[in-house]
Amino acid sequence: MIKGLCKFGNNVMAIALLRLMDERGCKPNVVSYNTIIDSLCKDKMIDDAFKIFKEMVFDKGILPDVITYNSIICGLCNFGRWEEVSKMLKEMEDEGISPDFQTFNILVDAFCKEGKVDEAEAVIDIMVERGEVPDIVTYSTLIDGYCLRGEMSKARTVFDSLTSRGLVPNVITYSSLLNGYCKTLNIEEAMHMFHEITRKGLKPDIVTYNTMLQGLFRVGRCGAARKLFDEMRAQGQLPDECTYGIILDGLCNNHQVEEALSVFHLVGDSKLNSHIVVYNILIDGASKCGKFDIARALFHDLTVNDLQPDVWTYNVMISGFCGEGLLREAKHLFYKMDESGCPPDNVTYRVLLQGYLKNQHCDDVEMLLQEMDGKGYSLDASTLSLLIDQTAAGSLNRSMLKLIGRLVPKELMETPS
DNA sequence: TTAGGGTTAG
């Protein structure tokens, strides 16, 4: 019952049920608590999960087990709350609960997602030292980590080592490697992987198809993408919202915005079009192709269709306004997004700053830099070089250099260009 | 009667 409620995302009801159980003398055990804690962590409500955790331990005197810790550690990892992860690991050891196979896999995954493959490899070493045997998930995760960094030969080495470890790659393993090849634009090798899947008696799933489709669009092979799309449907794989996004984005990036828009209109009033991502892709595509009037119309349609713009939507629109030289409108939207409860992120600042710089709005540049400084944001390499160029050319006041210096992130200080 | 992996837009 608790699990059912959690599954439907109804954590509040699940917690209420937990309390009711307690009142009626049916004491919740560690399993009931774990179910709720895990669900809260998955719904990104990590602080609520902590509250329930504390209630379980301190009020009810129920001891957490390795599953409790794994759920919380996984939730913390997803938020990059590393210090707390270490704290929880230490707490586990203190309580005499050893991290298990899954604890290690969670850590490997977390490091790989951050591109920290060396750390992930180190975790695997510790895992082996402790007598745990890494499985296909562990290594597929590691392959993902290398793919994310574009280190395909290392990803390949891990993949090739699987058989000697007695592990059999599954469709997810293949898709991970295929994804790496697509991202590095090695479409031949990606296609080869794709064919390997069926050759090994496995079946490409929706993610495999989506990944391959995106790869084909990225290298401009729209015809091949079309053929694959037909093939996937013939194989009984139903396109999902991800497929839809990939196709719209693929068409836009291959100068086929008209085609993308006609697909969008053909889909019409369906659930597929009720997703903000779809609008973001089209608004971006239209404005990049110089059809900013269409982008504006789509942005306007959001309110009509009761869709809430997100930070991407605003960024794409602000970028579009800047590209059109409509700085006043860009600035207006920048303030409006914050008022609408959607605070600007580092991309917003980057986009608007570049717009101001390219249009020589020096006062606005300074104001924005100060705002970034106050909020702890930092500059990216390309905006920084624009700033430096314009200061050198005398179009920006040199007094701003100190402020700019504070906004240079550590990574950029270490690699002078 | 609870926990782990891959795909979507700046």
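Lettering of chains follows the sequences in order, A, B, ..., and the numbering in each one begins at 1. This structure is a prediction, so every number in the text was calculated from the model and none was measured.
Within residues 207-226 of chain A, the residues approaching DNA chain B are A/V207, A/T208, A/N210, A/T211, A/Q214, A/R218, by heavy-atom distance under 4.0 Å. Within a heavy-atom distance below 4.0 Å of DNA chain B, the residues of residues 53-81 of chain A found are A/I67, A/N70. Contacts between residues 249-263 of chain A and DNA chain B, defined by a heavy-atom separation below 4.0 Å, involve A/D249, listed by number. At a non-hydrogen distance threshold of 4.0 Å, A/S176, A/N179, A/K183 from residues 176-192 of chain A come into contact with DNA chain B.
Identified under the ring-ring contact (aromatic ring centres under 6.0 Å, His included) test for residues 111-158 of chain A, with sequence neighbours left out: A/W82-A/F111. Among residues at least two apart or in separate chains, ring-ring contact (aromatic ring centres under 6.0 Å, His included) pairs with a member in residues 208-231 of chain A are A/F194-A/Y209.
Judged as a side chain to side chain donor-acceptor pair (under 3.5 Å), and not counting sequence neighbours, the contacts of A/D144 are A/S176. The side chain to side chain donor-acceptor pair (under 3.5 Å) test applied to A/Y356 returns no partner, not counting sequence neighbours. The side chain to side chain contact (heavy atoms under 4.5 Å, CB included) search around A/A330 returns A/I318, A/F321, A/C322, A/L352, not counting sequence neighbours. Looking at residues two or more places apart in sequence or on another chain, you find a side chain to side chain donor-acceptor pair (under 3.5 Å) between A/N170 and A/T173. Remark: A/R221 engages A/E188 in a salt bridge (Lys or Arg N to Asp or Glu O under 4.0 Å) (not counting sequence neighbours). Shown here are the side chain to side chain contact (heavy atoms under 4.5 Å, CB included) partners of A/V316, two or more places apart in sequence or in another chain: A/I283, A/D284.
When the P atom of B/dG6 is taken as reference, atom CG of A/D240 falls 15 Å away, rounded to whole Å.
Comparing B/dA9, B/dT2, B/dT8 by their nearest atom to the side chain of A/D284 picks out B/dA9. Listed candidates were B/dG5, B/dA9, B/dT8. Nearest to the side chain of A/N170 is B/dG5.
Ionic pairing of A/K42 and A/D38 is present here: one or more N-O contacts between side-chain nitrogen and carboxylate oxygen are shorter than 4.0 angstrom. The pair A/K291-A/E258 meets the salt-bridge criterion, with a side-chain N (NZ, NE, NH1 or NH2) lying under 4.0 Å from an Asp/Glu carboxylate O. A salt bridge does not link A/R149 with A/D118: every distance from a Lys NZ or Arg NE/NH1/NH2 to an Asp or Glu carboxylate oxygen is 4.0 Å or more.
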